[in-house]
Structure formats: structure tokens, C-alpha cells
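Note that the structure is a prediction, hence the values are computed from the model and not measured. We name chains A, B, ... by the order of the sequence lines, and we start the count at 1 in each one.
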Amino acid sequence: MTVPTGFSDDWDPMDRAFDPAPAAPKTGGIAARAMAARQVPDYLTGLNPEQKLAVETIEGPVLVLAGAGTGKTRVLTTRIAHILATGAARPSEILAVTFTNKAAREMKERISGFIGGNVEGMAWLGTFHSICVKILRRHAELVGLKSSFSILDTDDQIRLIKQIIQAEGIDDKRWTAKAFAGMMDGWKNRALTPDQVPEGEARAFANGQGRKIYEEYQDRLSVLNAADFGDLLLHVITLFKSQPDLLKDYQRRFRYMLVDEYQDTNIAQYLWLRLLAQGNPNVCCVGDDDQSIYGWRGAEVDNILRFEHDFKGATVIRLERNYRSTSHILAAASHLISHNEGRLGKTLFTDFHEDDHDLVSVTSAWDSEEEARSIGDEIEALQSNGHKLNDMAILVRASFQMREFEDRFITLGLNYRVIGGPRFYERMEIRDALAYFRCTVQPADDLAFERIVNTPKRGLGEATLKLVHELARSQRIPLMQAASQLCQTEELKPKPRNALKEVIGNFERWRAQLDSLSHTELAEIILDESGYTEMWRKDRSAEAPGRLDNLKELIRSMEEFESLAGFLEHISLVMDRDSADANDAVSIMTLHSAKGLEFDTVFLPGWEEGLFPHQRSLDESGRAGLEEERRLAYVGVTRAKKRAKIWFTSNRRVHGMWQSSIPSRFLDELPPDHVEIAEPSSNYGGYGGGGYGASRFDKADPFQSGSYATPGWQRAQKARQAMDGFSEGGGRGYQSARQKRQGPLTIEGELVAKSVSDSPSDYSLGERVFHIKFGYGAIKSIEGNKLTIDFEKAGVKKVIDSFVERH
DNA sequence: AGTAGTCGTATTTTT
DNA sequence: TACGACTACT
């Protein structure tokens, strides 16, 4: 194999080691077996005609529209097996992209079933982000990073933005870092670099400072040698666009490309794919426009709707045979989703018809407590009929709904598990520990450094950190380095200085041990010597023991990695904790996290206007929002294999206030023939607003009149008008905020300008200078940027030049 | 430096 | 209502 230009010889060492040579298949290999058989290879048996077509059409662009439960993953994995078996490509020449690590993992497992465990050869099977990191590590310099760059999580990101907003003298209450992060996320999802952000949008933040903040943020990232999640894709796109030769190499390399959940791709991901697909057209995208539920985080349903247009000569294959649900469930789901416009259109069908299949049920409850009680009752009833709790799930629209169920199930002693709660890596102690590791591996990781300098408490308060920050800023060096310089002088009081010295010394020592000790040993040493474990051991709070356990768990989970750096990379990309619970338990989760799963019985509570469809979705995105909510409903219903049970309440507590609620419009969009109105299990349901009327669910349904005469819509319009008025007059508020901070900022600006131009120190011996703390003095000696000064009042001190002014 | 009290806000979530 | 974040006080 020829090594493509631009790649060093470390380019995929896996190639030779793991790829079966296509020309001479090994005995027992799948290709060999397939060839020997000279008939339909066994991996193709059991596929329906459409699935088979989707597997075998490997040349040219293919769009597989795979409805819920139509064997999507099977097609995807079999297709890969087919490409390998026919010798069309080697494992390392296939690019297979998923959205979640879970999906990637599942795919790997299933493929290993086909190709006998050698999935390691599938070097390019992974999430968009992990594949981008892989590419980026190789060519980091070309986008201004070092290959050791670290990946920021949302928390770091927000902290960084906040610093920038504050440094700009912008009111960080009015313009929150979180809001900006969301905005910037939107830009990155659309692959917009700071200069490409549309003027109007850039102006929408902090009265025209949006672009500037974005620019500064990116500058800071490159100084920090870090990238956020959006950058991973964005940098690779920049790379591909600016390095045609490099792009060609990748185009040549990826002979077959597969994308899972195509309806969830954003514009950046689409562009990324397009660049690669320019080289060869063997792109296969699998998805379902009806299951697009991530529009709010940048997914473009348009990508899938436009596929045929974007990839000329595309074959479109529809998978409509459903292997999951009963005909009633499918009919209900299909009828519901048919109310959406702008679909590619699929009609699911099944051969699964039996007389005793349950209809989709709709039940009313007085309030959420009764809802939880009656669902609990049903679960217990099913359980006593021999149904497993594992086969049941409660899917809610918003996570606050979960609590009511948890409360009820605790009272009943019913086992449950909540899917998608706070994740392992998000816990404070894990993040702290990781920050220690990050600082060891990457001394320039300022955000990590900041996080733990004073954790556990070392008496390094605001004042000390401010000095470190000032120095780091003026010299454009990492905090760690600034701190180290500061320690060599007498800028700091002895106590903080010694504390700081110790921290830095620790990190230096640990760094030196990186190669000599195993990374797990070192990790333990770090947590011990830093006093971090000690801190939790002394902590008498209820959570402390659990936190120590988590830390142990963290160390244990490091074992399967080769190095600390490798582990950190994994952790920043792979954020899921897969705690496979062996116990029988009902799952409680949001509709969003239910996508891709299936259960015999699915409970769908909270089908009320305002909650589902969610008011905010309607307010913010109007029609498109409503359609996405409807798709969410579709996803919910299609998770059910045998029983789908919908609930709505007449009263619900919203922000602590009781509000009467109206049944969801989605209920009226279900086909009456497949739905039964079930009696609530307890006897005081149906009182008040819960009665059934003309629209089967509610007589006084204002939503039936005009589609957007809804209260929410009107509220949305008012809000928008208010916004418009505000942003026009908002300039004044901004001005005053800016003026207020002008003073200190200018001083800072002078300081920065001075120290940069003066570096290395151009003070001369004997010069008279002023220090803000020590007063006037004369320079006695100079080493680099460190000055020894004889102060008139404070005596002889060693200080850094940027802290003094000429006098 | 730690705590109490106040204020504001309040979907969906992966990487 | 309820929680988290930030302030101000001790």
C-alpha cells in the first residue's frame, strides 16, 4: 500500500495488521467462506427485499429511509459486512459515522459478529466527534493547535466565555455566558467562523459585540491549546478546505461512507460529509425524517429531505416493514405523524396482526399525582400477570415529570431506574480529579488549573489568583507558568507563595513520573499527594463516601487505557456511563432519550397542551416546533411493541402553581379505530375538565379553531414585539455599562501593551520605578523579566517587570 | 472563608 | 414551588 502524501508513517499502522488482504482471503475468513459457498452469503439471509437492496447497493449515493423498527441497524451492519466480504474495501477504508458512542459501540459489536472480532481494523467507525479528533490530532498544527490539544466541556466553555464577557466590561447579567454559548453553538453547528457570522446575529448579542466575543473566545482557545465540541468539526472542515491535498488523501482513503441517523446531522456535519463525498460518491445515509427531534440543537431535517438533490443519482430505499409493534400501535403512530407536512413519506406496515392485541389506550387523570398512582397500579397489574418491569417504560416530555413517578414508586416499593440523569463524568469529584490529570498532562490547561488550584483549600484566594491572572495575561503565558514565575519573586505573601510553590512543584513531579509510573498508579498518587482524597475523607457530609467511591471507580476505569492522555481523550468524548443494571426495573426517561429503544409496554403521561406539545417549542419555533413535537410523539408511540398507554391530566402544577390543563391536540390526531378511551383506575378521575366532549377529549378545545390563535402563539408575538422594542432602545443600557468599566479596562490595556513591548525587560539598572504594593524603588539587578528592586519603604524585593511602572 | 439570605428562573441533550 | 447562583455579612 502506498503511503498517501502528507501522512507520516504512523498513518494507520492497523492497516497491515488487521486488514485481511482482499486478494487472498484467509481460510475461515468471511470472504473466504462467502467465496467458497458461491451462493447467497449467510449474512444476507433473512433480509427482506428492501433491506437486501440497501445492503447490496454499495456503489453510488444511497439514502435509506428507515422507519421506526424496520431493522435499520441490521442494514447498516450487514452492509459493512457485505462491503468487506466482497472485498470492495478493507476495514480501514470504511468510514462509518454515528451520533452517540452507544450507537458506535453497538455497531462495533454487531460487526465483530460478522468479521470475527477484528473490529479494531474498523478504525473509522465512531461518532462524528471522535473521528474528527482523530483527524485533528494528526494535523493540529494546520489549524493552530498542538496535537495534544484538550477538549473543553460545556462547563469549561461557559467559564471561559464568562471571563471574556467580563473582561469586555459587558454586563454579564444582562448578557449571560450561557446565552452566548447557545448562540455560538448555533453558529458552529452551521460551520460559521467568527468572520462568517451574519451581521444581524452578531449584533444580537451585547449590542453588536457578538462577533468580537466569538473571535476572542477562539483566540483564547488556541492560546489554551484547546477546542470545544463544535470546533472539532469546524476545524476539520477548515482543514479540508484549506488543504486540498490532505482532503484528497482522505477522499481516496474512505472508499465507502455510512452515516447513521442522518436526520440528526447539522449543517457542519453535512458540509463535512460533502467534502469527503466529493472524492467518491459511495455515501450511504440512513435515517428517518419522522424521527428528527433534535432541531433545537441544530439538526437540519432539510439535510435528509434534500439528499437526492445534493447527491446526484442517489438511490432512495424505503424500509417500511416494521418488526416491532402491533398494527394498532403502527396505525396510531402513522396517523399521528401524517399531520406533519414536508415529509418524505413512509407508511409503516406489519404482518403482526392478532385479534387480542391491545388498542392504544388514552386515560385521563385529575392531576399528576393521580396519573402517577394509576400508572403505578397498571404496572403492578402487569407485573402480577408475569410481565417484566424491564419491558416497561415511562416516557415523559420534560424531566420534572419524573419526580412524581419516582415518589410514587418509592412508596409502592416498585423498582425503577431513571435513564439519562446526571452523568458520571459530570460529578464534581470526577471533574476535579480530571482537572488534576489534565494539568499534569497539559500544563497549559488554564481552565483545569483554575478549577483545582484552591481545591482542596490552600489559602489561595481571590487576591493571589488575580495576580497570577494578570501576569498570565500580560505575558500571554499559561497560568501554571505565570504562577511559577510569581513564586520566584516576592510579589506574594509567604503563605500563598509557599502554597502555590507546592502545587506547582507537585505538578512538575507528577509530570516527571508520567513515563516511569503506570498511569493508574500515578493517578492515585496525584489524588493522594494533592490532598484531594484527604479532603473528601475529612468531609462529614452524606455524599462524601459516595464521592470517594466514584474516585475509585474512576481509577478502575482507567485501567483499560494505555496512558493518562489516552484516558483523558476518551473521557472528554465518551460521556456515557454504562451501568448495566441487572435488576428488574421500570425505566423512566424523557422521550428524547428513548429514541432507538423499545419496550413491550410504554406509558406516555402528560399529553396536555403546553406540556406536550411544549409551549416553549410552539413559542419559539411555531409551526416547525409543533411538527417536531409531533415527531416526538411519534417516537414515543413507536417505542411500544405491544402496549402504548397515553395519559393526560386536568390539572398540573406549573412552577408551583396549579393550572388546569387541556388535553393535547395530538390525542385528536390519533385514529379512533385503534384507540380506546380507558377508564381511570381510580374513581375520582374525570371530574372537572377531564370529561370527554365533541373532540372526544375535550369540548372546549380552543386549539381547534385557528391553528395559531393559541394563547402561546399570541404570547410569542408579544414577546417578540417586546424584544424588538428592547433591542432598539437597548443601546443606552449597554453604553452605560461600558462606560462604567472603561476606566479599569484602559489601565489594564496600558499594562498589557507595556509589558508586551517591554518583554524581555528593557528596564535598566538603577532606574527608579513604582510598584503598586511596595511603592518607589531603584532597580538593583535584572534577570529576564524579573527585577530585583530596592524599595524605599519595603526593602529589597524580587518582582516581575510587568508589575512596575517607570517613574 | 464560610454561611445565610436573596434573587431569578424555570424543555428536550449529545458530543 | 424549588433550586441554584450570587451577594453580603460575619
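Taking the ring centre of A/Phe149 as origin, the terminal cationic atom of A/Arg137 falls inside the region bounded by 6.0 Å and 45° from the ring axis. For the pair A/Arg631 and A/Tyr634, the NZ or CZ position fails the cation-pi test of under 6.0 Å to the six-membered ring centre and within 45 degrees of the ring normal.
With rounding to whole Å, A/His614 atom NE2 is found 9 Å from B/dA10 atom C1'. A straight line from CG of A/Leu233 to C1' of B/dT15 spans 9 Å, rounded to a whole angstrom. Atoms CD (A/Glu404) and P (C/dT1) sit 15 Å apart, rounded to a whole Å. If you take CZ of A/Arg630 and P of B/dT12, they are 21 Å apart, rounded to a whole angstrom. Counting to the nearest Å, the C1' atom of B/dA10 and the CD atom of A/Glu620 are 13 Å from each other. Atom-to-atom, NZ of A/Lys178 to P of B/dT11 comes out at 9 Å; the value is rounded to the nearest Å. In this structure, CG of A/Asn454 is placed 9 Å from P of B/dG2, rounded to the nearest angstrom. Atoms CD (A/Gln291) and C1' (B/dT12) sit 16 Å apart, rounded to a whole Å.
When heavy atoms are screened at a 4.0 angstrom cut-off, A/Gln401 is found touching no nucleic acid atom at all. Within 4.0 Å of A/Arg397, counting heavy atoms only, lies at least one base atom of the nucleic acid. Note on A/Gly459: only backbone sugar-phosphate atoms sit closer than 4.0 angstrom, heavy atoms only; bases stay farther off.
With hydrogens and angles disregarded, a donor-acceptor distance shorter than 3.5 Å links the side chain of A/Glu609 to the backbone of A/Arg665. The main-chain N or O of A/Ala103 is found under 3.5 Å from a side-chain atom of A/Thr100 such that the two form a donor-acceptor pair.
Within the 4.0 Å cut-off from OP1 or OP2 of B/dT12, at least one side-chain nitrogen or oxygen of A/Ser399 is found. The shortest distance between the side-chain N/O atoms of A/Asn101 and the OP1/OP2 oxygens of B/dT14 is not below 4.0 Å. Contact check, A/Lys162 against C/dC6: a side-chain N or O comes under 4.0 Å of OP1 or OP2. OP1 and OP2 of B/dT15 both lie 4.0 Å or more from every side-chain N or O belonging to A/Ser130.
Nearest to the side chain of A/Lys457, among B/dG2, B/dT11, C/dC6, sits B/dG2. Nearest to the side chain of A/His592, among B/dT12, B/dT15, C/dC3, sits B/dT12. Of the listed nucleotides (B/dT15, B/dT11, B/dT13), B/dT15 has the atom at the smallest distance from the side chain of A/Thr127. Distance from the side chain of A/Thr154 is smallest to B/dT15 among B/dT11, B/dT15, B/dT13. Considering only side-chain atoms of A/Lys173, the nucleotide from C/dT7, B/dT13, B/dT15 that sits closest is C/dT7.
The separation of C/dG4 from B/dT11, taken at their P atoms, amounts to 13 Å, rounded to a whole angstrom. Between B/dT12 and C/dA5, the two P atoms lie 16 Å apart (nearest whole Å). Taking atom P in both C/dC3 and B/dT14, one finds a spacing of 23 Å when rounded to whole Å.
Each of A/Arg458 and A/Thr590 was matched to the nucleotide of DNA chain B holding its nearest heavy atom; the match closer to the 5' end belongs to A/Arg458.
Aromatic rings from A/Trp296 and A/His592 are positioned such that their centres are separated by under 6.0 Å. A distance of 6.0 Å or more separates the ring centres of A/Trp175 and A/Phe180.
With centres under 5.5 Å and a plane angle under 30° as the test, the ring of A/Phe229 is not stacked against the base of B/dT14.
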